[in-house]
Amino acid sequence: MQVPSETDVTALLNRLVADELPGRRGLDAWRTLLQAHATLLRQLETDLDRETGLALADFDVLAQLARAGGGLRMTELAARALISRSGMTRRVARLVDHGLVCRSSADADARGVVVALTDAGVARLTEAAPVHARGVAKLFVAHLDDEELTTLENALAKVTVDCTFG
C-alpha cells in the first residue's frame, strides 16, 4: 500500500475545506474554539480528579441533578449533560454503585426512570463544586473581561444547536 505524500494530503484537505469554507472564513476561530474546549476540559478533569477523585463527567451529572432541584428523568439528564443515553446509563449505574445517586420509576410513567441525588451525592458535590469553580475562574474567567465574556456568551448562543443524543 502506498502512502500519499504529506504535500498531497495537505493539498487535498485544503481543497475540500475551501469548497465548503470559501476563503477559509471562520476556520481559525473554529480551530481555536476546539483547542480551547479540549485543553480547558482536560485541565478541569485533571484538577478535579487530583483534588477530589471525582471524574468531570460524574461531577457534571451531580451538578445537573442539583441544578434541577435534586432529580431528573434519565432522558432529560442525558440531554442536559450532553452524553448519549447509553453512556448516561452506564455512568448513572456507576454513580448508583458508589451511592451518589439513586434510581426510581417516574410517578406518571412506570417506563421512565428518575435519577436523584443521595445525601452522599450532595456531600461529593459539596466537595467538588468549589474545586471546579476555582478551575473555571482561574483557567477561563480570569483571562476575559466582562465585555469579552458577554460577547463570547452571545456568540456561542447563536451557534448552539438543539441536539438529542441517542
Side-chain angles (χ1 to χ4, degrees), residues 26-109 111-166:
L27 192 57
D28 289 340
W30 174 248
R31 285 190 192 132
T32 302
L33 172 66
L34 293 179
Q35 187 68 33
H37 178 266
T39 58
L40 288 169
L41 287 184
R42 276 194 298 266
Q43 191 61 57
L44 290 168
E45 172 83 41
T46 299
D47 293 348
L48 191 64
D49 182 54
R50 183 183 67 245
E51 294 187 42
T52 70
L54 191 65
L56 184 59
D58 291 342
F59 169 77
D60 185 40
V61 169
L62 299 179
Q64 294 299 337
L65 292 171
R67 285 186 191 103
L72 284 168
R73 291 178 70 100
M74 182 75 90
T75 53
E76 179 65 19
L77 178 57
R80 287 183 184 206
L82 301 178
I83 65 174
S84 69
R85 284 186 201 133
S86 63
M88 182 57 73
T89 300
R90 289 187 298 275
R91 183 157 306 283
V92 166
R94 284 192 302 274
L95 293 171
V96 167
D97 290 344
H98 288 101
L100 303 179
V101 301
C102 61
R103 284 182 292 222
S104 61
S105 295
D107 292 335
D109 181 0
R111 294 175 299 158
V113 174
V114 173
V115 179
L117 285 168
T118 63
D119 289 342
V122 172
R124 283 297 261 150
L125 185 61
T126 300
E127 173 192 10
V131 173
H132 181 68
R134 271 194 307 275
V136 171
K138 179 180 119 189
L139 298 168
F140 180 71
V141 176
H143 298 277
L144 303 168
D145 64 31
D146 289 344
E147 185 178 334
E148 290 169 323
L149 288 168
T150 299
T151 299
L152 182 59
E153 180 181 0
N154 291 336
L156 292 175
K158 288 181 180 181
V159 297
T160 300
V161 295
D162 182 20
C163 293
T164 302
F165 293 86

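Throughout, residue positions are numbered sequentially from 1 according to the sequence presented.
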State, to 0.1 Å, how close [X] and [Y] come at their nearest heavy-atom pair, and which atoms those are.
| X | Y | result |
| --- | --- | --- |
| Thr118 | Cys102 | CG2-N, 3.8 Å |
| Ala120 | Gly99 | CB-O, 3.4 Å |
| Val101 | Leu62 | CG1-CD2, 3.8 Å |
| Thr39 | Ala36 | OG1-O, 3.3 Å |
| Phe59 | Ala128 | CD1-CB, 3.7 Å |
| Val136 | Leu44 | N-CD2, 3.7 Å |

Can you tell me if [X] has over 12 outside heavy atoms packed within less than 6.0 Å of its [atom1]?
| X | atom1 | result |
| --- | --- | --- |
| Glu147 | CD | no |
| Asp146 | CG | no |
| Asn154 | CG | yes |

Find the distance between [atom1] ([X]) and [atom2] ([Y]) and round it off to the nearest 0.5 Å.
| X | Y | atom1 | atom2 | answer |
| --- | --- | --- | --- | --- |
| Leu48 | Leu56 | CG | CG | 6.0 Å |
| Arg42 | Leu139 | CZ | CG | 12.5 Å |
| Leu40 | Gln35 | CG | CD | 9.5 Å |
| His132 | Glu45 | NE2 | CD | 10.5 Å |
| His143 | Glu148 | NE2 | CD | 11.5 Å |
| Asp58 | Leu125 | CG | CG | 11.5 Å |

Any donor and acceptor pair, going by atom type alone, linking the side chain of Thr52 with main-chain N or O of Asp49 inside 3.5 Å?
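Pair absent, no side-chain N/O of Thr52 close to backbone of Asp49.
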Give a yes or no answer on whether the side chain of Gln64 reaches the backbone of Val61 with a donor-acceptor pair at less than 3.5 Å.
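Looks like no, no N/O pair under 3.5 Å.
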With a 4.0 Å cut-off, would you call Arg124 and Glu127 a salt bridge?
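Here Arg124 pairs with Glu127 in a salt bridge, since their nearest N and O are under 4.0 Å apart.
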Under-4.0 Å salt bridge between Asp28 and Arg31
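So Asp28 pairs with Arg31 through a salt bridge.
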Taking the side chain as everything from C-beta on, heavy atoms only, tell me whether [X] gets closer than 4.5 Å to [Y].
| X | Y | answer |
| --- | --- | --- |
| His37 | Leu34 | no |
| Val92 | Val113 | no |
| Leu156 | Leu33 | yes |
| Lys138 | Gln43 | no |
| Glu76 | Arg80 | yes |

Might you work through the salt bridge (Lys or Arg N to Asp or Glu O under 4.0 Å) test for Asp97 and Arg94, ending with a clear yes or no?
CA-CA 5 Å; Asp97 290 344; Arg94 284 192 302 274; over 6 Å; no
